[in-house]
Amino acid sequence: MLSYKNGGDVGEWTINTVTQEKAEKIAEEFALAMDSSFVLTYSGVREDCYEFDFSVTADGMPITEVKCMSEYAYNWNLGRITINVDDSGICAIDWTQPIEVVKKVTDKVEMITAEEAYEIFARYFKLKYASDSIYEYGIEKQIFDLYEISVSYVIEPIKDSTDAARVMPCWNFICKHTVKFNDGTPDNIAARASIFAINAIDKSIIL
């Protein structure tokens with residue numbers, strides 16, 4: 001039996017003393033106790049706590065996103081656990097519906113290389129974030145520090161099906177995402193997040 005102390009019950013959430021590294025270790029220990037296949041796919045800093053997402057894996061690769069191409073995508077939740085940690089420990093947990101891979105295509109499919117994926121990223125990434133709408137929120141610019149390119153699975157819903165979907169491999173570009181406001185102050189949106197993804201089979205942009 002797994003149990004934990006809910007820090008949220010003992011007062012306001014704060015992150016004055018716990019470091020992000022220590023908070024990540026606390027969250028990881030709990031996530032792996034829930035399911036040993038979980039891997040960390042997102043980490044961020046909220047105003048009053050750290051937040052970590054751990055995703056379920058297939059063949060060692062995490063299932064990280066749902067391809068939102070139509071109204072039926074909402075039927076699919078990711079196999080993910082979100083854990084918030086503050087000075088008092090774990091203060092909130094959100095565990096979504098698990099994903100189970102029940103059938104695999106055995107024929108070999110050739111994936112594009114990381115170099116090919118990076119060429120697409122370099123060509124289209126700036127276009128994705130070129131919107132002027134960010135200035136409505138007092139943001140001067142967005143900063144993305146790319147530090148990892150990895151492969152993961154993305155769920156592609158099947159039309160008119162609520163209990164079956166395909167998963168496709170994609171190249172994910174993991175970044176630290178920061179915004180700089182007009183007054184010069186920065187804000188860390190995410191320390192580790194997939195901000196661009198490319199279908200590793202047909203080269204289409206997923207995110």
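All values below come from the heavy atoms of this structure, side chains included, with hydrogens, waters and symmetry mates left out. When a residue number appears, it is its place in the shown sequence, counting from 1.
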Gap between atom [atom2] of [Y] and atom [atom1] of [X] - 0.5 Å precision:
X	Y	atom1	atom2	answer
Asp53	Thr41	CG	OG1	5.5 Å
Phe196	Tyr124	CZ	OH	9.0 Å
Glu119	Arg123	CD	CZ	6.5 Å
Ser55	Met61	OG	CE	13.0 Å
Ile81	Phe52	CD1	CZ	13.0 Å
Glu148	Phe173	CD	CZ	11.5 Å

Would you say Asn172 and Ser152 are linked by a side-chain donor-acceptor pair, where the criterion is simply a distance under 3.5 Å? yes
Evaluate the side-chain contact (heavy atoms from CB on, under 4.5 Å) criterion for residues Ile15 and Val45: first the C-alpha distance (whole Å), next the side-chain angles of each, then the deciding distance (0.1 Å), finally the verdict. CA-CA 9 Å; Ile15 50 172; Val45 183; 3.9 Å; yes
Determine the minimum heavy-atom distance between [X] and [Y], stating which atoms define it.
X	Y	result
Ile174	Leu146	O-CD1, 3.4 Å
Phe38	Ala31	CD1-O, 3.4 Å
Gln20	Gly44	NE2-N, 4.5 Å

Taking C-beta and beyond as the side chain, do [X] and [Y] meet within less than 4.5 Å on heavy atoms?
X	Y	answer
Ile26	Ile90	yes
Glu24	Leu40	yes
Ile198	Glu116	no

With side-chain contact (heavy atoms from CB on, under 4.5 Å) as the test, would you mind laying out the steps for Phe54 and Val39 before giving the verdict? CA-CA 5 Å; Phe54 294 85; Val39 296; 5.9 Å; no
Short side-chain to backbone donor-acceptor contact, [X] and [Y], under 3.5 Å:
X	Y	answer
Asn84	Cys91	no
Trp171	Lys203	no
Tyr50	Val18	yes

Identify, with sequence neighbours excluded, every residue that meets side-chain hydrogen bond (donor to acceptor under 3.5 Å, both in side chains) alongside Asn16. none
side-chain contact (heavy atoms from CB on, under 4.5 Å) between Ser37 and Val56: does it pass, once the steps are laid out? CA-CA 6 Å; Ser37 73; Val56 72; 3.8 Å; yes
Please lay out, stage by stage, how Thr82 and Glu51 fare under the test side-chain contact (heavy atoms from CB on, under 4.5 Å). CA-CA 7 Å; Thr82 299; Glu51 183 168 280; 3.7 Å; yes
